[in-house]
Amino acid sequence: MKKDSLYHAIHINVEKCIACSHCVKVCPTEALHIWDGHSNLDPERCIDCDECYRVCPVGAIQVEDDGLSQIENFTTKVALIPSVFMGQFPIHVKAREVFKAIQTLGFTYVYEVEEGSQLVEELFKEKIDSNEKSPYISSFCPAVLRLIQVNFPQFTDNIINLKTPVDITATSVRKQLELKNKENIGVFYFTPCSAKITSLKAPIGEEESELDGVINMDSVFNKIQAILNNQIFIHKKNKKEISNNAIQPDHILWSLTGGEIKNLQGTCLSIDGIKNIISFLDRIETRGCHEIDFLEMKGCDQGCAGGILTPQNRFITAQRLRNRAKYYSDFYSENPDKSPIHHTDGISFDEVKTNEIKPRSIVKFDSDPMKALLKMQKTQEISRKLPSLDCVACGYPTCKSLTRNIIEGNAELEYCFIYQRKAEEKGDLTPEKSKEVLEHIWGERKFKQ
Ligand code: SF4
Ligand code: SF4
C-alpha cells in the first residue's frame, strides 16, 4: 500500500464534539486545539498515541475501520493475528478454534504475528553486542517512533532500523504462499490500536507496508465471539490451511511490557505509557544514559494489551498471555519433537531493515539564519505578552503552543482572554470584537448555552 505521510486513523466527528477540551489537554505533542466550536487535529504533530480517544466523554474521536469487506479483493486471504488477540479469549478457548472461526469469516490462512519476533530478537542481540550506540531503541511501537520524530529528534539515530514482527511475518508468509503458487495474496493484520493502522498507510522508514490492510480488533472480535458461541464453523477440507503454531512461548509475550527484553543481555529497560516515556526521554535528554544498552518503549499501559481497540481488560489479557506462554513452554518441554517451526529462518537482515528514521520536518524557525533570528525575537516578544496560565481559553493547550501558532500564522494574540482585557483597557480592542473572537474559538453554541 502506497504512503500518505500525513494520514492518521483517528478522526474528530465535529457534529459530536462538545468542545470540552479534554483531548487538547492530554495530547502529548500539542496536536489538538479548539476552533469553530470543535477540536481540530494538526496532522504534522499527531503521533497516533490514542490518548485523546481515551478521554473523550462523548465518543467524538473515532478510529477509521476499513472493515472485513476489503478482503474480498483478494483470492488468497491471509489473517495475521497478534498474541493479544488470543488474549481476548479465556485460556480454555483453543487457538485452533479461534483460527477456524477466523477462516469462517472468509480467510484462507491464519498466521500468528509473533513468528517474526524470533528474527527481531536475534538482530537486537547483534546490535547490543556491537556496542556502537547507547541506548538502542526498539522500533516496535509506531506511536513511540513518531513521538521521537516529533518531540525528541536527537534520538532518531538510536532507533534500530528494523521492520516490526508483523511486517517480517507478512514478508515470510507471502514468500511461502508464492512458493505454493498461490495467487492474488492479500495479507491483513488484526490491529489493537490506531497507530498500527497509520503504520499501514504511512509506514515509518518504508515506502510501502508489507500488509494489504488492517482490521480493527474490536470489530472482528465480536464476530469471532459470535461464531464461537454458536459453534457455526465452516470447516475447510484442507486443515493445513491453518498455520502450525510457530512461535516460541516467550514470544507470545513480545507485545506486552517487558516482552522484548526478556531474553536480552545487558542493561535493558522496558517503559510503557506515553507519559512515562516522555518523562524518561526528557530525563535522558538532559542527563544522558550511557549505562543503558537497550530501551523497549510501548505507548500503551501493559503494551499492546492496553491498545484502544482491544475489547478486554488489559490486565486480564496480559495474564491470559502469561498463562498461554506457560502452557506452551510445558508442552514443548514434554514434546520436544513438536517444537515451533521458524518460517522466518530464510529471511536475511537486508530484507528486514528499514530506511533511516528521520525527525519529522516540523519547521520551528526559518532555514535562513537572519529570518530565524527575527522569528526567535518575535517568539520572545509574544511570550512576554501572554500570561503563562496554560488555561486553554484560547483553544490551544498552552501559552507556548499559542505562541508557536501565532508565529506560524495560524492564530492571533487576541485569542488570549487576558490579553483581550488589557487591550480593551487600552482601547485597542472593543468588547464586541473580543466576544466575536471567543465565539470563533468555542463556537456560537457555547455562548447561546
Ligand atoms: S492521537 Fe495522540 S498525538 Fe494524536 S491528537 Fe490524539 S493525543 Fe494527540
Ligand atoms: S474530548 Fe475533544 S473531541 Fe471529545 S468532546 Fe471534548 S473537545 Fe471534543
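We count ligands from 1, going down the list as the structure has it; atoms in each ligand are counted the same way. Index from 1, following the sequence.
Short contacts between ligand 2 and Val58, defined as distances under 4.0 Å to a heavy atom of the residue, involve ligand atoms 5 (S). Set against the non-hydrogen atoms of Cys27, the atoms of ligand 1 under 4.0 Å away are 3 (S), 5 (S), 7 (S), 8 (Fe). Those atoms of ligand 1 with a heavy atom of Thr29 less than 4.0 angstrom away are 3 (S). Those atoms of ligand 2 with a heavy atom of Ser21 less than 4.0 angstrom away are 6 (Fe), 7 (S). Within ligand 1, the atoms closer than 4.0 Å to a non-hydrogen atom of Ile10 are 1 (S), 6 (Fe), numbered from 1 in the order shown. Atom numbering of ligand 1 starts at 1 in the shown order; those under 4.0 Å from a heavy atom of Ile47 are 3 (S), 4 (Fe). Set against the non-hydrogen atoms of Asp48, the atoms of ligand 1 under 4.0 Å away are 1 (S), 4 (Fe). For ligand 2, the atoms closer than 4.0 angstrom to any heavy atom of Ala19 are 7 (S), 8 (Fe). Proximity to Cys23 (heavy-atom distance under 4.0 Å) selects the following atoms of ligand 2: 1 (S), 2 (Fe), 3 (S), 7 (S). Set against the non-hydrogen atoms of Cys49, the atoms of ligand 1 under 4.0 Å away are 1 (S), 2 (Fe), 3 (S), 7 (S).
When heavy-atom distances to ligand 1 are checked against a 4.0 Å cut-off, Leu41 comes that close only through its side chain, counted from C-beta outward. Residue-level proximity to ligand 2 for Ile18 is carried by backbone and side chain together, each with a heavy atom below 4.0 angstrom. Proximity of Leu32 to ligand 1, defined as any heavy-atom pair under 4.0 Å, is confined to the side chain (atoms from C-beta onward).
Salt-bridge annotation for Lys163 and Glu210: present, with a side-chain N of the basic residue lying under 4.0 Å from a carboxylate O of the acidic one. By the 4.0 Å N-to-carboxylate-O rule, Arg324 lies close enough to Glu112 to be salt-bridged with it. Note on Lys435 versus Glu439: salt bridge recorded, some NZ/NE/NH1/NH2 to OD/OE distance being below 4.0 Å.
In terms of protein heavy-atom proximity, atom 6 (Fe) of ligand 2 is closest to Cys20 SG, 2.1 Å. Atom 7 (S) of ligand 1 has as its closest protein heavy atom Cys52 N, 3.4 Å. Counting only heavy atoms of the protein, atom 4 (Fe) of ligand 2 lies nearest to Cys56 SG, 2.3 Å.
Between His33 and Tyr396, the two ring planes are parallel [angle under 30°; tilted spans 30° to 60°]. Phe89 and Phe221 have tilted rings, their planes meeting at an angle from 30° to 60° on a 0 to 90° scale. Using cut-offs of 30° and 60° on the angle between ring planes, the pair Phe74 and Phe188 is perpendicular.
With a 6.0 Å cutoff to the six-membered ring centre and a 45° limit on the axis angle, Lys298 counts as a cation-pi contact of Phe140.
The closest approach between Ile61 and ligand 2 falls below 4.0 Å for a heavy atom of the residue. Using a 4.0 Å heavy-atom cutoff, Pro57 is listed among the residues neighbouring ligand 2.
The shortest side-chain heavy-atom distance between Asp250 and Glu121 does not fall under the 4.5 Å cut-off.
Only one option out of Thr198, Asp42, Asp48 pairs with His8 in a side-chain hydrogen bond (donor to acceptor under 3.5 Å, both in side chains); it is Asp48.
For the residue pair Thr171 / Glu351, no side-chain donor-acceptor distance below 3.5 Å is found, with atom types taken as modelled. Gln118 and Glu122 share a donor-acceptor pair across their side chains, judged by distance under 3.5 Å alone.
The backbone N or O of Ile34 sits nowhere less than 3.5 Å from a side-chain atom of Asn40 that would complete a donor-acceptor pair.
Counting backbone and side-chain atoms alike, Cys17 contributes an N/O/S atom closer than 2.8 Å to atom 8 (Fe) of ligand 2.
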